[in-house]
Amino acid sequence: MWNVTVHDDLLLRRDEERQLLLDVAAGDRVAFRRLHDRFRPLVEHWVRHHVVDRWQSEEVVQDVLLELWRIADRYDPRHPPVSWIRTIAQRRAIDRVRKAEADRQRDVRVGARYADAVDHASVERAEGVLERESLRRAVAALPARQREAVVLRHLAELSGPELAERLGVPVGTAKTRARDGVQALRRSLGRSGVVDR
């Protein structure tokens, strides 16, 4: 009896998830919010299995969820929704890992071309001091809301929900402030020569 009940519950849940995807494919935003709430924890789990860096994994999770909204009309209802979503999440995560590795290998190749007989340890120490000072100035120059979000997110290492709670704003707004702040820092530090040397 128990096994029959569990099996029935699983089938009912799969039918609900299938219907959610079909509703999302029809452009139903409420259905997408429900799909988002139901699958985000699973997508985070699948992505973090491949992408170790927290910031990058969160970007991949957002990419996966947006892709679900964009391509829900490609979902074939004959397949379990969870399998389809997992495939998308894992593909995105593996693509990110491959891109990061290709970028790293390119940087190594470029760096090897310019290697010479310099005392790298002292150069790195001097660059480290300059980078920290440049970073402090760049952070101080951010608008107050972005500065607060960046400091809490990356220095205090708050999660997205923790950051939102601390700032008293929705999670998406909190993440956007932190992301925009980091992008502004990258632009600023890139112009100063600290990043992308």
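Start at 1 with the first residue, then count along the sequence. Quick caveat, the model's predicted, so the values are computed rather than measured.
When all heavy atoms of A72 and V24 are compared, the pair lying nearest together is CB-CG1, 3.6 Å. Closest non-hydrogen pair, A89 versus V43, comes out as CB-CG1, 4.3 Å. When all heavy atoms of L21 and P81 are compared, the closest pair comes out as CD1-CB, 3.6 Å. Residue A184 comes nearest to L142 through the heavy atom pair CB-CD2, 3.6 Å, listed as atom of the first residue, atom of the second, then distance. Counting all heavy atoms, side chain and backbone alike, L163 lies closest to A149 at CD1-O, 3.9 Å.
The shortest distance between side-chain heavy atoms of V169 and R177 falls below 4.5 Å. For the pair E58/Q62, no side-chain contact is recorded, criterion being any heavy-atom separation below 4.5 Å from C-beta on. Under the 4.5 Å side-chain criterion, counting only non-hydrogen atoms from C-beta, P77 is in contact with L22. The closest side-chain heavy-atom distance from V82 to L42 is below 4.5 Å.
Atom CZ of R145 is separated from atom OG1 of T176 by 12.5 Å, given to the nearest 0.5 angstrom. Between atom CZ of residue R153 and atom CZ of residue R179 there is a gap of 11.0 Å, rounded to the nearest 0.5 Å.
Remark: E44 pairs with R40 by the salt bridge (charged side-chain N to carboxylate O under 4.0 Å, His left out) rule, at least two apart or across chains. Partners of E148 by side chain to side chain contact (heavy atoms under 4.5 Å, CB included), not counting sequence neighbours, listed by chain and number: L152, L167.
Salt-bridge check for E17 with R13: passed, with a basic side-chain N closer than 4.0 Å to an acidic carboxylate O.
Applying the side-chain hydrogen bond (donor to acceptor under 3.5 Å, both in side chains) test to every pair with at least one member in residues 82-92, sequence neighbours left out, gives these pairs: E67-R91, E67-R92. Contacts classified as side-chain hydrogen bond (donor to acceptor under 3.5 Å, both in side chains) and involving residues 18-30 (residues at least two apart or in different chains) are given here: D15-R18, Q19-D23. The ring pair (Phe, Tyr, Trp, His ring centres under 6.0 Å) pairs that include a residue from residues 42-62 are W55-H154, where partners are two or more places apart or lie in different chains.
Between the side chains of E101 and Q105, at least one donor-acceptor pair of N or O atoms lies under 3.5 Å.
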For residues 30-39, which side-chain N or O atoms pair as donor and acceptor with protein atoms under 3.5 Å away, sequence neighbours left out?
unit_1 : atom_1 : unit_2 : atom_2 : d
R38    : NH2    : E16    : OE1    : 3.4

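Under a hydrophobic-cluster definition in which Ile, Leu, Val, Met, Phe, Trp and Tyr are linked whenever side-chain heavy atoms come within less than 4.5 Å, directly or via other members, I94 and I85 are assigned to different clusters. Linking Ile, Leu, Val, Met, Phe, Trp and Tyr residues whenever their side-chain heavy atoms come within less than 4.5 Å leaves V64 and V171 in two separate clusters. Residues I71 and V61 share a hydrophobic cluster, clusters being chains of Ile/Leu/Val/Met/Phe/Trp/Tyr side chains in contact below 4.5 Å.
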